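Reviewing the structure listed below.
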Amino acid sequence: YHAFDREKMCMYNPKSQNAEEFISHEEILDTLKYADENKNNSELIDKILEKAGLGNGLTHREASVLLACEIEEKNNEIFELAKKIKQDYYGNRIVLFAPLYLSNYCVNGCVYCPYHSKNKHIPRRKLSQEEIKNEVTALQDMGHKRLAIEAGEDPVNNPLEYILESIKTIYGIKHKNGSIRRVNVNIAATTVENYRKLHEAGIGTYILFQETYNKESYEKLHPTGPKHNYKYHTEAMDRAMQGGIDDVGLGVLFGLELYRYEFAGLLMHAEHLEAVYGVGPHTISVPRIRKADDIDPDVFDNGIDDDTFAKIVACIRISVPYTGMIVSTRESAECRKRVLELGISQISGGSKTSVGGYFNPMPEKENSAQFDVSDRRPLDEVIKWLMELGYLPSFCTACYRNGRTGDRFMEICKEKQIHNFCHPNAILTLKEYLEDYASEETKKVGEELIEKEVKILECPQCVISKVAEDLEKIEAGGRDYNF
């Protein structure tokens, strides 16, 4: 490098807690240049794939070379390796969840979101605690055990006290055999003190999408409101960790900026968390921009096609094998099927993206949805579809409730020991679903799958025996058995 290049490179420091140093614009540009120069370098790509095959992940620079790779044979190897790593770490389990929108009041001006403050024709709504009870009861009647609560940023309408009260309400609802056992939270960046309060309230994962890691684009896309502050937003996960939350979820909104830039930034953020806190992100989400009230995705000219999307998923899976990956109902059933085998470990099902969308959905003209849903199938249909594809649907929340979070979870996952907990728990929670909520058709498919999965369980005999015993207890009316 020339002296000037070296000076620029000095800015990049994954251990720094300054956003512009752990997500260095210059380092990303240099990474993209390196990837372009080596996208047809078979020898280097082979070395990167060999390293990836060890299951210890890749750096953002190595992963960017794979993403840029144009050699068809090597791309096929990337996809095959992603499938193998997915199987090694997650088996055939797919965790199910649903979003719950509490309020769409928002003071920000995000140009890609219909909740932006200038949108005067979208109906504004905030759920009361009684309405939250109705929503959660409807979600429990579907079979959900895990929610991701969402709310716009509005210190008057959606203060932290409202979020905390809502979490308490959600955990307190026990309807028939239903219960919400894990509440993940997706709200705006806040203070260490507020993250500590969220942690004390018993949240699962704190989720915050970066939207874009390109600071210049970020500031243009968020022209007004507190979210305009790139540094404060990008450093939110550090504050969450400092507040005691050790499961955090990253994500970018693909389509806002060049996808290779975002890919590198996302992995640099994961590397930063690992370098500073000893634990990377619990999950990475890969949403693509979608049509919504007042929002036309065609206005954004960085959209990605399904083939590129699949390659992004595969390359993330190879790069951070221990991190869960989430795809929502933004994607079609066909697209979700394709990326499930490449790395996705969690999906939403039966989702509504409007405030109050489950108990008493609003008429179309009064719809408050944040984005159009592509996969509109009810949860039962999604469960049956997953099982027919050979996947084991899971409603498990046991790791969170048994203290296997943060570095404790990562240690188990990196050693590929998570199967000893997650697979038995997936079987037991699926059995609960089949007993309480499934249609007859789905129950038949599910019972056959459980019988098959119990026979091939690769766990100590004492675990296998307890699974058989707990399955009988569930059939007799017992609930919530876990490892």
Side-chain angles (χ1 to χ4, degrees), residues 1 9 12 14 23-90 212-214 250-252 254-271 280-281 284-288 301-323 325 327 331 335-345:
Y1 297 105
M9 286 297 292
Y12 174 55
I23 305 290
S24 161
H25 176 63
E26 289 77 14
E27 168 62 13
I28 294 180
L29 294 183
D30 205 59
T31 293
L32 299 185
K33 181 172 178 284
Y34 176 77
D36 276 331
E37 289 169 351
N38 289 285
K39 62 188 177 185
N40 292 310
N41 183 341
S42 294
E43 188 179 350
L44 177 63
I45 290 166
D46 282 341
K47 285 181 181 175
I48 294 172
L49 285 169
E50 185 181 353
K51 178 186 173 184
L54 299 174
N56 297 320
L58 296 173
T59 67
H60 63 275
R61 189 167 285 217
E62 291 164 338
S64 292
V65 172
L66 295 188
L67 186 61
C69 173
E70 294 180 335
I71 306 167
E72 186 177 355
E73 178 194 349
K74 300 303 172 192
N75 282 333
N76 289 336
E77 288 181 37
I78 291 168
F79 286 121
E80 289 307 310
L81 181 57
K83 291 175 189 177
K84 181 181 183 303
I85 289 174
K86 162 77 191 296
Q87 186 63 31
D88 286 349
Y89 282 87
Y90 295 93
T212 175
Y213 284 101
N214 185 308
L250 303 179
V252 293
F254 284 103
L256 297 180
E257 185 44 78
L258 297 173
Y259 72 88
R260 288 173 57 211
Y261 190 104
E262 304 296 18
F263 176 84
L266 194 56
L267 292 184
M268 286 165 73
H269 204 164
E271 289 166 354
I284 288 177
S285 298
V286 285
R288 287 192 280 184
D301 55 8
N302 291 306
I304 54 175
D305 60 28
D306 288 353
D307 289 343
T308 303
F309 183 64
K311 193 173 182 190
I312 289 170
V313 169
C315 289
I316 293 175
R317 173 45 62 230
I318 287 170
S319 305
V320 281
Y322 50 82
T323 296
M325 288 183 70
V327 71
E331 301 300 334
C335 179
R336 301 217 290 180
K337 176 183 176 182
R338 183 176 180 185
V339 295
L340 278 171
E341 66 175 353
L342 295 174
I344 297 301
S345 57

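On a predicted model such as this, the values are computed, not experimentally measured, just so you know. All residue numbers in this chain count up from 1 along the given sequence.
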Could you give the distance from [atom1] ([X]) to [atom2] ([Y]), rounded to the nearest 0.5 Å?
X	Y	atom1	atom2	value
S64	D36	OG	CG	10.0 Å
I28	F263	CD1	CZ	11.5 Å
E62	L66	CD	CG	8.5 Å
I312	Y259	CD1	OH	6.5 Å
L250	M325	CG	CE	11.5 Å
K51	L58	NZ	CG	6.0 Å

Minimum heavy-atom distance [X]-[Y], with the two atoms named:
X	Y	result
S24	Y12	CB-CB, 3.7 Å
I85	A52	CD1-O, 3.7 Å
V320	A270	CG1-CB, 4.4 Å
T31	H60	OG1-CD2, 3.4 Å
Y322	G280	CE1-CA, 4.5 Å
I78	A314	CG2-CB, 4.3 Å

Open item on the list: For Y261 and H25, take the angle between the two ring planes, folded into 0 to 90°, and tell me which bin it lands in: parallel under 30, tilted 30 to 60, perpendicular over 60.
Closed with: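 Geometry flag for H25 against Y261: tilted rings.
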TODO: Would you check, one step at a time, whether the test salt bridge (charged side-chain N to carboxylate O under 4.0 Å, His left out) holds for E331 with R288?
DONE: CA-CA 8 Å; E331 301 300 334; R288 287 192 280 184; 2.7 Å; yes
Can you confirm whether [X] sits close enough to [Y] that some side-chain heavy atom of one is under 4.5 Å from a side-chain heavy atom of the other?
X	Y	value
L256	N214	no
I45	N38	no
L342	K83	yes
L81	F79	no
N40	I71	yes
D305	T308	yes
R260	L67	yes

[X]/[Y] ion pair, N-O < 4.0 Å:
X	Y	value
K74	E77	yes
K33	E37	yes
D307	K311	no
R61	E27	yes

Open item on the list: If we ignore hydrogens and angles and just use 3.5 Å, is the side chain of Y89 paired with the main-chain N or O of G55 as donor and acceptor?
Closed with: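 Yes; judged by distance alone, with no hydrogens or angles, the pair exists.
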